[in-house]
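Notes follow once the structure below has been shown.
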Amino acid sequence: MADYNENTEESKDDVKARNNEEFVNKLRGWSKRKRDSRVRSELTWYEIQLVIDGSQWMAIPDKDRSTSTSIRISPMKKRKGEIMRTYNKTRSLLRTLKANTTSTEIRYEVQGGKPEEIMASNYLNWYVDRDPTFNDIVGDVVTLGFKRKTGYLYPYWDSQKLEPVVMACDPFDLLVDDYGKYALRTYTMRREDLKNAKGEEGQALFKNMDNLKGTSKRSASDIYNNYLTNKNPQTASDDEMADVMLEEYHIIEQKEEEVPEGGASAGKTKFQTRIITLSEDCNDVHREDIYDDDELCFIDYSPERNSEPWLADALDPQRTLNSMYSHMEEFYRVMGKGRLLKRKGVKVDRISDRDGQVVEYDSVESGKPEFVNPGSIGGDQFNFFNLVSSAMEDAVGQHPDQVRKTETAKGIGYLMAQDQTNISEPWKNLKSSLIKLGHKLIKLGNRHMMTSQDIFWWH
């Protein structure tokens, strides 16, 4: 397309603006299709999050909906006097999974003996000691992996700290293309901070700030935004302290530069990563970065490949535990206070005071009311309760209750070995993700000319 058309008298700026708008619409069309295609998955993540939080007596919406704009949750209706208790075993099992995966002091080793692999190992260990929160970040990604099926490590260059930074990305706020070409990270940032953000040389990081609109949304996902809003409502504002929803698109594209024929790189296709930052409901480009890389910088971690979230199998046993726990408490309350068998026609009234209760009735020919002897819960109910708890541990792959009940060292060692076997795949996949992270950190260091002397003298 020419930059200038004499017939329409279209200026270069108009052509550029129109091309930018078409490109932005293309990106947003992709993100909408990607978001709509995973509504059912997001509902599953939503359900797991509710159960972990203890909000387990909530009505879960229909999973077959194709859109997420009208999804809301509401408490389950209960009868008058009905008890609804929660025996939250899901959260304790999640803590056990996280502890067994990330609690040890790790020294990272990238497989192989090539110089770049050794350097990646050194760099990763140097970064762990330099940033003490890195282990917490790994723990957050592991937790997201068990809850959402996949968590993401996002290494990037911090222009203020002048060093690489690693953060955990929730899949609710991250869309990754199936072909590895596009990605969208959404996040909120205060308008004042956007305007004051500076780069390495003091230049403004963001531009075109006139059309920024405040938002009350906490997440770009309607489903997750409903969850966050219910926990902590927030109102929108238009002042400098207002939050702005940003869209950060990562695109892998082919370089436009031509390689001379007969050169060393002839016949090779070169790629670059382009990062475009927009704000919601606005087509203005606030920031654009381009650097040489043929892979997206988001590193995925999945405890189990090509499956449902790890904790999805524990939802049904968790509901059974809640139901039985509520039933047992209701039974003990009723039996502790006693039950009265009232015949038809007998008028009964109960008077309660600090010391006890008095039951009054009108004498009729049919006789007086009778108290029913208190019963008890049999052993079968307790056995089934323990069986459901054990089945939930089997589904997750950890047995903290059995370890606590086992007294001999041999039994504890056997159970621990069994648990490690059950979570061997999460260990293997975490190691693979950290190897990729080591290589990404090396690329960031080289790109911004960080001296390797900082790494090797650190040892």
Side-chain angles (χ1 to χ4, degrees), residues 40-58 60 63 85-104 106 135-136 138-152 168 170-172 227 300-326 382-406 411-434:
R40 294 186 64 183
S41 297
E42 290 193 2
L43 280 172
T44 301
W45 306 345
Y46 189 23
E47 184 178 0
I48 292 173
Q49 188 65 57
L50 288 175
V51 172
I52 292 174
D53 289 350
S55 304
Q56 301 176 10
W57 293 98
M58 306 296 288
I60 306 299
K63 294 185 179 181
R85 293 291 182 258
T86 298
Y87 184 86
N88 196 344
K89 193 175 178 65
T90 310
R91 187 184 300 170
S92 65
L93 288 177
L94 180 61
R95 287 196 298 262
T96 304
L97 285 168
K98 180 180 176 181
N100 283 2
T101 311
T102 62
S103 62
T104 57
I106 302 174
N135 286 331
D136 295 332
V138 174
D140 293 340
V141 172
V142 169
T143 302
L144 290 171
F146 285 120
K147 293 193 300 184
R148 310 275 199 264
K149 176 185 176 180
T150 305
Y152 289 89
D170 193 324
F172 268 118
Y227 165 77
D300 66 302
Y301 166 71
S302 299
E304 190 175 20
R305 302 292 183 183
N306 302 321
S307 67
E308 291 296 314
W310 190 284
L311 289 175
D313 295 335
L315 296 183
D316 286 341
Q318 177 65 71
R319 295 190 184 96
T320 302
L321 285 176
N322 295 338
S323 179
M324 293 191 65
Y325 194 64
S326 301
F382 283 104
N383 290 336
F384 184 66
F385 187 86
N386 294 329
L387 178 63
V388 173
S389 180
S390 178
M392 189 173 179
E393 294 182 355
D394 290 338
V396 174
Q398 295 288 275
H399 303 87
D401 286 346
Q402 294 186 32
V403 173
R404 285 196 297 266
K405 294 176 183 178
T406 306
I412 293 176
Y414 170 75
L415 290 173
M416 290 179 64
Q418 185 185 41
D419 289 339
Q420 290 179 6
T421 301
N422 289 335
I423 61 170
S424 60
E425 187 172 358
W427 271 102
K428 181 186 67 175
N429 294 339
L430 178 60
K431 182 177 180 180
S432 175
S433 298
L434 291 174

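Just so you know, these numbers use all the heavy atoms, side chains as well, and skip hydrogens, waters and symmetry mates.
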Next on the checklist: I'd like to know whether L94 forms a side chain to side chain contact (heavy atoms under 4.5 Å, CB included) with V396, so could you lay out the CA-CA distance, the side-chain angles of the two residues, the decisive distance to 0.1 Å, and finally the verdict.
Outcome noted: CA-CA 9 Å; L94 180 61; V396 174; over 6 Å; no
Roughly how far apart are [X] [atom1] and [Y] [atom2], rounded to 0.5 Å?
X	Y	atom1	atom2	result
L311	L93	CG	CG	8.0 Å
M392	S92	CE	OG	7.0 Å
S323	W57	OG	CH2	5.5 Å
D394	S389	CG	OG	9.5 Å

Item to check | Aromatic plane relationship, F146 with Y301 - under 30° parallel, 30 to 60° tilted, over 60° perpendicular | outcome: perpendicular
Sidechain-backbone polar pair: [X] side chain, [Y] backbone, donor-acceptor under 3.5 Å:
X	Y	value
S432	K428	no
S326	R85	yes
N322	T86	no
S55	V51	no
T143	G139	yes
E304	W310	no
T320	D316	yes

In the structure I gave you, are the side-chain heavy atoms of [X] and [Y] within less than 4.5 Å of one another anywhere?
X	Y	value
Q318	K89	yes
K147	W45	no
T90	I48	no

Show the nearest heavy-atom pair for residues [X] and [Y], with the distance to one decimal.
X	Y	value
Y46	Y227	CE1-CB, 3.3 Å
L144	G151	CB-CA, 4.0 Å
N88	I52	ND2-O, 3.1 Å
P171	R148	CG-CB, 3.9 Å
V388	P317	CG1-O, 3.5 Å
D53	R91	O-NH2, 3.0 Å

Checklist entry - Are more than 12 heavy atoms from other residues, nucleotides or ligands located less than 6.0 Å from atom CZ of F385? => result yes
Checklist entry - Is it true that R305 and D300 make a salt bridge, defined as a side-chain N closer than 4.0 Å to a carboxylate O? => result yes
